Structures are given as structure tokens and as C-alpha cells.
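Source: prediction; values computed, not measured.
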Amino acid sequence: AFEVFGFGDYFRSLIETILTGKVGSIIGGGESFQIFSGTGQGDPCSPLIFIIGLEILFLYAEHANKFEEISCHIPNTNESITLPVTSAFADDNSSTLALTRENILNLLEMYNSFELISGMRLNKEKSELICFNNTQDHLRMIQDNCNFKVVEKIKTLGFIVGSEIDIRLENLSILKDKIRKIIGFWSKFHLSIFGRTCVVKTYIYSQLAYFSSCLSLEPADIKWINAEVIKFVKGNEKIADSRLFFDINRGGLGLKSISD
């Protein structure tokens, strides 16, 4: 993979040196053992080596012309877009394909071939398949050709996607649970009002920014989030709610209104 992407001989020899003769052991005692393949968990270079190796698989999926793709109409336009055959973040991989027997068999063949040349294996027990506009014939075809579990919804990169569910409500519930857990965890430490403000800016606002890329918040949702933030930040302090959102130069805490 490193040679394909143009890395020179010297750099590749460094990588080979890093991966050769690695020894691991179990914390708490026990004999050490040799690591013959892969990189050790926690190794700083491990994710970069993994991603470069996996990129070969994704390039094949996109350019081998083995799969029937899906095109989606863009609302309020006369245009359509073709969805990528596969996309990934770290080791979380999603494939978007037309539901045909050929696509399923070619997908399995691709992963099996990649396992032979790389040693990286698809975890089929954890792999799930979600169908849109499917029929009983489609389900029988899936059962006859693969062992993937057919589900009504999947979670990818923290988002719920499904065919027979209210996607907005499902993901809104996840977002609210995350906010409750953040507040519950940091409430144990008796932070000052400034510390609680930092928690909101660092942990809660980042969750809102992430989920808002795919989730539309209604006025009632924004009202709930604002109320939770205000209650957490104020604690037992006697301070006007509006003052929390004043700029620091005006004597406020610099919080941003969710509606903004």
C-alpha cells in the first residue's frame, strides 16, 4: 500500500522496522509474546498505517465497476447524485448499494480477497444490512446468499439510520441522553460557575454542532436544551439567566444561545 501511494524506499523501510520484532505482554503479569502481524493497540502510528492499508479496499470498491450504484434525486431540483459505494471513518465501514444478488456476492468476494492479501478480516457477526423498499423476495435472496443480519435501523458514526423509524426522534433521543450524561457526570465535581461554563462550551456545544449537521432541532428541542444548560451552569448561584449569554466584556459568561 505504501508503495502504491508513492512512499519512497527509505520511508517504507522505516515502517517495516517499526512492524518487525514487536513484543507484547498482558498488564498484571504473564509471559510476553511476539506480535507477528498488525500494530499494537495504542501505537501512535497504528491508525495511520491502518487507514493507508484500508484505502486500497475503498479504491477498489469505487473504481472496479463491480457494483450497481444508487442514485438519489435532489429535492426541488432536476438533478440527482450517485451515492458513494463505500465510506468509512476509522474502522467503521458502510456500503451503499442497490439490493441485488450480484452486489451481495461481489461485496463478499471483495472482502474475502482483501483478507487474503492484507490479513484484515471483515467481522461478519457484527455486520448488519438495512434495506429500503424491500420485498419478501429480497429478504429470501439475502438469506440465501449471505449471513448478514437484516435490521430495521443501524447506528453509524453515532447517528441512527432506519427505514421504518422516525429518524429525527431517534437521534434527538440520543442527543438528549448525551447531554444528560455530560451534565450528570460533571455535576459530581462541584465545579465553579466558570468551570461549568467551560464544560458546556467544550462538551455540550460540540455535541450540538455534530448532531446539527444531520438533525433539525425544533423550538421545543432548543427550549429544552437551553433550560438544561442554564440549570447546570447556574447551580445555586443567584444570577439572571440572560447574564449567562452576555459577552465576557459585559460581565457575562459568554455562552451562546442554542437558537443562534
Side-chain angles (χ1 to χ4, degrees), residues 54 57-58 61-62 66-77 79-111 121-184 203-225 228 258-259:
L54 205 61
L57 175 70
F58 300 142
E62 290 294 330
K66 289 274 190 177
F67 303 103
E68 181 182 346
E69 300 172 324
I70 296 177
S71 294
C72 294
H73 176 254
I74 302 175
N76 303 320
T77 70
E79 301 177 359
S80 62
I81 58 172
T82 300
L83 300 180
V85 170
T86 187
S87 56
F89 183 83
D91 61 346
D92 188 358
N93 172 37
S94 300
S95 297
T96 309
L97 304 168
L99 186 54
T100 65
R101 179 176 181 273
E102 290 72 21
N103 271 345
I104 290 176
L105 294 179
N106 286 333
L107 190 67
L108 291 173
E109 180 187 8
M110 179 183 75
Y111 283 117
R121 177 182 302 174
L122 173 69
N123 190 338
K124 296 178 182 178
E125 288 72 25
K126 293 179 64 177
S127 299
E128 297 176 331
L129 192 151
I130 183 170
C131 306
F132 295 89
N133 302 323
N134 61 293
T135 64
Q136 288 300 318
D137 289 338
H138 286 126
L139 295 178
R140 282 193 291 270
M141 180 270 293
I142 295 169
Q143 294 171 352
D144 291 340
N145 291 280
C146 71
N147 296 323
F148 292 156
K149 182 169 63 175
V150 179
V151 296
E152 291 186 351
K153 60 182 180 180
I154 58 173
K155 190 173 185 180
T156 176
L157 300 183
F159 288 99
I160 294 292
V161 179
S163 56
E164 303 294 335
I165 62 170
D166 189 322
I167 296 176
R168 200 192 81 83
L169 289 181
E170 289 271 355
N171 287 292
L172 180 62
S173 176
I174 293 175
L175 174 59
K176 287 184 175 182
D177 284 344
K178 285 181 177 289
I179 292 174
R180 291 190 190 99
K181 288 179 180 178
I182 292 169
I183 290 175
Y203 296 107
I204 294 181
Y205 283 174
S206 60
Q207 289 294 331
L208 290 174
Y210 183 68
F211 275 85
S212 295
S213 63
C214 296
L215 177 66
S216 60
L217 295 175
E218 309 229 340
D221 307 325
I222 295 173
K223 182 178 180 181
W224 180 89
I225 295 170
E228 291 295 309
I258 307 303
S259 57

- Task: I would like to know whether M141 and L99 meet side chain to side chain contact (heavy atoms under 4.5 Å, CB included); could you show each step before the answer?
- Result: CA-CA 9 Å; M141 180 270 293; L99 186 54; 4.1 Å; yes
- Step by step, work out the side chain to side chain contact (heavy atoms under 4.5 Å, CB included) result for I154 and L129. CA-CA 8 Å; I154 58 173; L129 192 151; over 6 Å; no
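From S95, atom OG reaches atom CZ of F67 across 7.0 Å, with rounding to the nearest 0.5 Å. Interatomic distance, I174 CD1 to L169 CG, rounded to the nearest 0.5 Å: 11.5 Å. Distance CD1/I74 to CD1/I81: 5.0 Å, rounded to 0.5 Å. Within the model, atoms CD of E228 and CD1 of I204 stand 8.5 Å from one another, a figure rounded to the nearest 0.5 Å. Note that NZ of K153 is 14.5 Å distant from OG1 of T156, once rounded to the nearest 0.5 Å. Separating the CD1 atom in I104 from the CG atom in D144 is a distance of 10.0 Å, to the nearest 0.5 Å.
Residues satisfying the salt bridge (charged side-chain N to carboxylate O under 4.0 Å, His left out) test with D92, not counting sequence neighbours, are none. Evaluation of the side-chain hydrogen bond (donor to acceptor under 3.5 Å, both in side chains) rule for D177 yields R180 as partners, not counting sequence neighbours. Residues forming a salt bridge (charged side-chain N to carboxylate O under 4.0 Å, His left out) with D137 (at least two apart in sequence, or on another chain): R140. Among residues two or more places apart in sequence or in another chain, the side chain to side chain contact (heavy atoms under 4.5 Å, CB included) test is passed with L122 by Y111, K124, S127, F148. Residues forming a salt bridge (charged side-chain N to carboxylate O under 4.0 Å, His left out) with E62 (at least two apart in sequence, or on another chain): none. K149 meets the salt bridge (charged side-chain N to carboxylate O under 4.0 Å, His left out) test with E128; sequence neighbours excluded. When the side-chain hydrogen bond (donor to acceptor under 3.5 Å, both in side chains) test is applied to T86, the partners found at least two apart in sequence or on another chain are N93. With sequence neighbours left out, the side chain to side chain contact (heavy atoms under 4.5 Å, CB included) criterion links Q143 to no other residue. Residues forming a side-chain hydrogen bond (donor to acceptor under 3.5 Å, both in side chains) with S213 (at least two apart in sequence, or on another chain): none. In this structure, the side chain to side chain contact (heavy atoms under 4.5 Å, CB included) partners of Y210, at least two apart in sequence or on a different chain, are L157, F159. Partners of S216 by side-chain hydrogen bond (donor to acceptor under 3.5 Å, both in side chains), not counting sequence neighbours: none found.
Taking 4.5 Å as the limit, every side-chain heavy atom of I130 sits out of range of all side-chain heavy atoms of V150. Looking only at side-chain heavy atoms (C-beta outward), E170 and I167 stay at 4.5 Å or farther from each other. Taking 4.5 Å as the limit, some side-chain heavy atom of C72 sits within range of a side-chain heavy atom of L83. The side-chain heavy atoms of C146 and L105, taken from C-beta on, include no pair separated by under 4.5 Å. Using a 4.5 Å cut-off on side-chain heavy atoms (C-beta onward), L175 and Q207 make contact. Taking the side chain as every heavy atom from C-beta outward, K66 and L107 never approach each other to under 4.5 Å. The shortest distance between side-chain heavy atoms of P84 and T96 does not fall below 4.5 Å. Using a 4.5 Å heavy-atom cutoff, the side chains of W224 and I179 are in contact.
Side-chain atoms of T100 come within 3.5 Å of backbone N or O of N103 as a donor-acceptor pair. Side-chain atoms of S206 come within 3.5 Å of backbone N or O of Y203 as a donor-acceptor pair. N106 contributes a side-chain N or O that, together with a main-chain N or O of E102, makes up a donor-acceptor pair within less than 3.5 Å.
The number of heavy atoms from other shown groups lying within 6.0 Å of CG (N145) is above 12. More than 12 heavy atoms of other shown residues, nucleotides or ligands fall within 6.0 angstrom of atom NZ in K176.
Residue pairs meeting the salt bridge (charged side-chain N to carboxylate O under 4.0 Å, His left out) criterion with at least one member in residues 211-221, sequence neighbours excluded: R168-D221.
Heavy atoms only, all atoms of each residue included: S212 and L208 are closest at OG-O, 2.6 Å. Here the closest heavy-atom approach between residue A98 and residue I70 is recorded as N-CG1, 3.5 Å. The two residues A88 and F58 come nearest to each other via the heavy atoms CB-CZ, 3.3 Å.
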